[in-house]
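Fair warning: this is a prediction, and the values are worked out from it, not measured in the lab. Order of appearance sets the numbers: ligands from 1, and atoms from 1 within every ligand.
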Amino acid sequence: MYLIENYARLPVRFVKGKGVYLYDEKGKRYLDFIAGIGVVSLGHADEGLARVITRQAQELLHVSNLYENPWQEELAKKLSDRFWTKARAFFCNSGTEANETAIKLARKYWREEGQNRYRIITFRKGFHGRTYGSLSATAQEKLHKGFEPMLEGFDYAEFNDIRSVEKLITSETAGIMLETIQGEGGVNEADPDFLEGIQKICEREGLLLIVDEVQTGIGRTGRFYSYEWFNLKPDIITLAKGLGGGVPVGCVLAREEVAKAFKPGDHGSTFGGNPLACKSASYVVDRVANLLPQVLEVGKVFKEGLRELHAGKVKGRGLMLGLEIEKECKEIVLKALKEGLLINCTASRVLRFLPPLIVQKEHVEEALRILQKILYP
Ligand SMILES: *Cc1c(COP(=O)(O)O)cnc(C)c1O
């Protein structure tokens, strides 16, 4: 054993994939309803994406951020065009890096304004990543344990409780950071009223609104960005997971005025936004833009089907769904694996479903049949 044992891995080895299916070394087929945790948005071995990757690899994989980068420009424009106002982008390699960047940018914005605002309000059961800034922003003590002290400057409020937010605001508060659906925290949906309350507080107090769209973004909920479901005008959003369709890429998108707080030398990444990552993400963004009606339609069928199982509370939007059951769901995940269905368990009792965005009704029906069999043996 040469690997650090920080993961509890399931006993299966995948050797190839196609569309919504994965295959193990014995040739057994699995319906993939976790999609690399919301990463392979176009499914496995998508021919178009493979072609883009191959061509770019044959042409140019990497140039440093020391030089001009038209691939980043192209992708940034596409992401900005879908944002509610003109935005600028910074590219990195993961969700946690995107959130680190957002935290630094929020602090720098206020320093440029001549104010000592550096504290960020985040929410219980939220998840923002594993590196120190984003881990400190993650209000889950069980993830901090053994790694303290956390970074200074985060205040934790209760999700869907606007008064708990009001109480934490001081003259040092820089912004509020949240997920519209808490993914790792158990597919917990924010109430529209709560989010509109947050927007109002941000306007009233002049705070920055940071929406972590790492899991919810790029079509996952049926809108390109999940904040579009609500009356929200975020100052900063962060993206990763589904953005590259499997190629690692993260992004911070910030309203132009906020983005300008970063000056040359303030932040950087060696790999971030290389031609391979940007070309891949550009391709994924174009494809996902055309998949949104299908995500909504198939998501609706799936949600309805989950409800009809009568196994617990059904949560989420689009193709980011959860089923909260009575008992620990680890065992269900193992049983599903045996039956050829890949799902995941989060917050100990929530079965989480994040199928590729190309999933069709017949795949959903197949998954529901397997779930029915496992839940009611
Ligand atoms: C997965 C996730 C992250 C962390 O992304 P990594 O790429 O694993 O660093 C951050 N925020 C949210 C909402 C996530 O779901």
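Residue Asn99 approaches ligand 1 through these ligand atoms, each under 4.0 Å from one of its heavy atoms: 10 (C), 11 (N). Of all atoms in ligand 1, numbered sequentially from 1 with element shown, those under 4.0 Å from a heavy atom of His128 are 10 (C), 11 (N). Less than 4.0 angstrom separates some heavy atom of Ser94 from each of these atoms of ligand 1: 7 (O), 9 (O). Residue contact check: Thr96 has heavy atoms under 4.0 Å from atoms 4 (C), 5 (O), 6 (P), 9 (O) of ligand 1.
A ring-centre distance under 6.0 Å is found for Phe83 and Tyr227. Here the two rings, on His363 and Phe33, have centers that are 6.0 Å apart or farther. The aromatic ring centroids of Phe262 and Phe90 lie 6.0 Å or more from each other. Outside the 6.0 Å centre-distance limit, the rings of Phe91 and Phe271 are not counted as a close aromatic pair. Aromatic pair Tyr132/Phe147: ring centres not closer than 6.0 Å.
Atom 9 (O) of ligand 1 is flagged as protein-proximal [any protein heavy atom, distance under 4.0 Å].
The single protein non-hydrogen atom nearest to atom 7 (O) of ligand 1 is Gly95 N, 2.8 Å, given as residue, atom name and distance. For atom 2 (C) of ligand 1, the closest heavy atom belonging to the protein is Lys241 NZ, 2.5 Å. Nearest to atom 11 (N) of ligand 1 among the protein's heavy atoms is Asp212 OD2, 2.8 Å.
Geometric assessment of Arg124 against the ring of Phe159 yields a negative cation-pi assignment under the 6.0 Å and 45° thresholds.
At under 3.5 Å, a nitrogen or oxygen of Phe127, whether backbone or side chain, sits near a nitrogen or oxygen of ligand 1.
Across all their heavy atoms, Ile358 and Leu42 have their closest contact at CD1-O, 3.4 Å.
In Glu179, the part holding a heavy atom less than 4.0 Å from any atom of ligand 1 is the side chain.
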